[in-house]
K.L.:
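Quick one: the structure is below, questions incoming.
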There are 2 protein chains.
Amino acid sequence: MSKPKQVTIVDVAEEAGVSIATVSNVLNRGGIRSSKETIRKVEQAAERLGYRRNTMAAGLSRNKTYEIGLIVPGLNGYYGQLAEHLQVEAHNRGYHLSVFSSGGFDPEIERRNLEVLQQRRVDGLICHGLAMGFESTRSIVNSGTPLVLINGWDWPEDIAIGAVNLGFASACEQSVKLLLERGCRTLCYVSSKRSKAIDEQRHIGFIRGMERYGNGINYEVADAKDLDVDVFLRKMREGHPAPIGIVAFDDHVALRLICGTLRLGIELPEEMKIVGINNDYIAEHSYPGLTSWDIPYTFQAQMAIDKLLSKLSNQQAAEQDEREINVPLTLIERHTTNALKGGVNEHVAKGN
Amino acid sequence: MSKPKQVTIVDVAEEAGVSIATVSNVLNRGGIRSSKETIRKVEQAAERLGYRRNTMAAGLSRNKTYEIGLIVPGLNGYYGQLAEHLQVEAHNRGYHLSVFSSGGFDPEIERRNLEVLQQRRVDGLICHGLAMGFESTRSIVNSGTPLVLINGWDWPEDIAIGAVNLGFASACEQSVKLLLERGCRTLCYVSSKRSKAIDEQRHIGFIRGMERYGNGINYEVADAKDLDVDVFLRKMREGHPAPIGIVAFDDHVALRLICGTLRLGIELPEEMKIVGINNDYIAEHSYPGLTSWDIPYTFQAQMAIDKLLSKLSNQQAAEQDEREINVPLTLIERHTTNALKGGVNEHVAKGN
DNA sequence: CTGTTAGCGCCTTCAA
DNA sequence: TTGAAGGCGCTAACAG
């Protein structure tokens, strides 16, 4: 019942009264042209029989799968969006994207996923950062599968053929600048250490901003994990010159902070200003509206796929590409940094 | 460079000084046992050569892929979580889950995804609802691939072998009951029609709640899309007896409403009470904390995978299963329905 | 317990 | 333009 005798090209050939080679030609948009007549016969036969090409057999025989493996740390928020866009782009280019989540940043699961993907003989790999070390990665990947990194900073050349990185660092740097321009006299970065490299970039950007624009102003860094928001906010308000400016790891963290200010009756943006990252649903719909950095998903996805595919076809030629592509974010300013006249809900730029 | 001569079992056999059949036996956890000695030799040889089994070849030859296809409307929020959990469960059972998003509820993309999955000869399919009609689905799936539905209500028996449905209807019904118990004198369901069947279930539940517990009380239904929250809330407050109770399609919609009340200075929960669904990050961290329904992801994922796999092995025997499994949600009450004494941030039950 | 031998379904020269 | 034949890498009987 469950496997009712697959229809193969043999059946189609028979039905159409031609050879299997002909069927194969006709069905795979001919590298070789056939007579109108044959084409029609074959297509009709295939249609009639409900023929469906067997991907495995095809892949096996031509030693190419048209499959790309993706490993991301999860499927929520940014990662989910990214995966979805990559999937679309891959499809557009005739590839299938196999999505794997490595559940947080678990190196063990990463390993396993990589292994599975390799066994499937994917044509290429796209990985979002990678929790496991350079060494492990090298040994796994150096078997020849091209690898493009997303948000992978400073990886050795011999492992990845390139990276497409979001400009988190400069976004954070600019956040600092913005907050200072808006009059903040104390700044704080609320980090999320469990996000590894991503967090590191933001941290770097924050520090750089302070160094460049801070003029020796006071700043702090706190980690979102296990952070008691109320205690934190109270301490910030009491111990430091106002207004306070906060760069949040992302919009989720920012939401917690915003809610804290509401709870404690801290005036936003007068006493405190917040900027997030991601320009999530949250940023647009929270109250007050959250200033945040918008991510060009489509662009990043295209870059990544392009880079991989060009490597796949051009063998070497693609070396010319700069190894790392930097994808800049766009600031969407809302009420948490800027009291607009017309009403608390207006945007400087339209959100998402 | 890119495809450095795959290592095959032939190479391993050679290196180990045995036949390829032996290698195959040893490597695929023996249906047939071999001598300790041979096992060691083969494993070492494989290790030394960096052998990696070719999934396609294996699948082709045994006519079984150990791959399960998943089609969900997206990868954000609930869907992403679900996909992730399904992936884990599938892995635990030795299967690979191929995740496809059909970008909203686009029937065209769905078709294409289904087609691709079939061409890969997946052993089974798990689909979250399905935007395309019964007919299309039937014609695509009736070729023999077992299909389990998730949140697919009322599908014809001949298409799917069963469904694992979240109890949205009764959750909403209970939401109504709760709101009435908390003293609401007007109720409203804020829907999200673009979510099709899911929304329908919630609507049904809401209506049923009103019929059962409403005692002829006034109620309304509004759709979240293009909804001007402020106008809506103002109208609700002015035109109807307070307090107002709102059942939101999900926590995202609820967030918009909560922010609206903050903007307009409506007292929560005194003048208005809100309950969401999903128990998202938002629910836990919004201010005031949002009463919501928690989803047993792991359980639902297990049920779905179990159902599919049992169908795969037991051929017919599994018929005994009830066709539809109902997965109940759990209420997490927070401040939007219940002014707790100790402080606005306490929970009746611990969130997520 | 190990080796031999057919395929699995398709693609790809190479002739015809 | 079409057909015949040899593999792709692995598994599954069946012999030894």
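Only heavy atoms go into these numbers, but all of them, side chains included; no hydrogens, no water, no symmetry mates. Quick caveat: nothing in here was measured; it's all calculated off a predicted structure. Proteins get letters first, then strands, A, B, ... in listed order; numbering begins at 1 in each.
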K.L.:
Between D/dG9 and B/T8, is there an OP1 or OP2 to side-chain N/O distance shorter than 4.0 Å?
P.N.:
no

K.L.:
Between A/N28 and A/R53, do the side chains contain a donor N or O and an acceptor N or O under 3.5 Å apart?
P.N.:
yes

K.L.:
If you check every side-chain atom of B/L60, which of C/dT12, D/dT11, C/dG9 has the closest atom?
P.N.:
C/dG9

K.L.:
Quick check on DNA chain C: between B/S61 and B/S35, whose nearest nucleotide comes earlier from the 5' end?
P.N.:
B/S35

K.L.:
Could you please name the option among D/dG9, C/dC10, C/dG3 that lies closest to any side-chain atom of A/R53?
P.N.:
C/dC10

K.L.:
Could you label the plane-to-plane angle of the A/F100 and B/H96 rings as parallel, tilted or perpendicular, counting under 30° as parallel and over 60° as perpendicular?
P.N.:
parallel

K.L.:
I want to verify a distance call: between D/dC10, C/dG3, C/dC11, whose nearest atom is closest to the A/A58 side chain?
P.N.:
C/dC11

K.L.:
Quick check for you: among D/dG3, D/dC10, C/dC10, whose closest atom lies nearest to any side-chain atom of A/V18?
P.N.:
D/dG3

K.L.:
Rounded to whole Å, please give me the gap between CG in B/N25 and C1' in D/dT11.
P.N.:
9 Å

K.L.:
Is it true that A/R120 and B/E67 have a side-chain N and a carboxylate O under 4.0 angstrom from each other?
P.N.:
yes

K.L.:
Consider the side chain of B/A57, meaning its heavy atoms from C-beta on, and name the nucleotide among C/dT12, C/dG9, D/dC10 that approaches it most closely.
P.N.:
D/dC10

K.L.:
Which nucleotide sits closest to the side chain of B/S34: D/dC10, C/dG9, C/dT2?
P.N.:
C/dT2

K.L.:
Would you call A/R112 and A/E115 a salt bridge, using N to O less than 4.0 angstrom?
P.N.:
no

K.L.:
With nearest nucleotide decided by heavy atoms, which residue, A/I20 or A/I39, maps closer to the 5′ end of DNA chain D?
P.N.:
A/I39

K.L.:
For A/R40 and D/dT1, what is the distance between atoms CZ and C1' respectively, to the nearest whole Å?
P.N.:
17 Å

K.L.:
Please give, in whole Å, the distance from C/dC11 C1' to A/N63 CG?
P.N.:
12 Å

K.L.:
Atom CG of B/N28 and atom C1' of D/dC10: how far apart are they, to the nearest Å?
P.N.:
8 Å

K.L.:
Take atom CE of A/M56 and atom P of C/dC10, then tell me their distance rounded to the nearest Å.
P.N.:
10 Å

K.L.:
Whole angstrom is fine here: how far is it from CZ in B/R62 over to C1' in D/dG9?
P.N.:
12 Å

K.L.:
Of the candidate nucleotides D/dG9, C/dC1, D/dG3, which contains the atom at the shortest distance from the side chain of A/T22?
P.N.:
D/dG3

K.L.:
From the set C/dT12, C/dC10, C/dG3, return the single nucleotide nearest to any side-chain atom of B/A21.
P.N.:
C/dG3

K.L.:
Would you mind telling me which of D/dT2, C/dT2, C/dG9 lies closest to the side-chain atoms of A/T38?
P.N.:
D/dT2

K.L.:
Whole-Å distance between D/dA12 P and B/K64 NZ?
P.N.:
12 Å

K.L.:
Measure CD1/B/I9 against P/D/dT11 and give the value in whole Å, please.
P.N.:
6 Å

K.L.:
Closest-nucleotide mapping onto DNA chain C: is A/N54 or B/S19 further toward the 5' terminus? I mean the 5' end.
P.N.:
B/S19

K.L.:
With a 3.5 Å distance limit and no angle check, can you tell me whether A/N165 reaches the backbone of A/E324 through a side-chain donor-acceptor pair?
P.N.:
no

K.L.:
Strictly below 4.0 Å, N to O, side chains only: are B/E37 and B/R40 in salt-bridge contact?
P.N.:
yes

K.L.:
Just to confirm, is there a sub-4.0 Å distance from OP1 or OP2 of D/dC10 to any side-chain nitrogen or oxygen of B/S24?
P.N.:
no

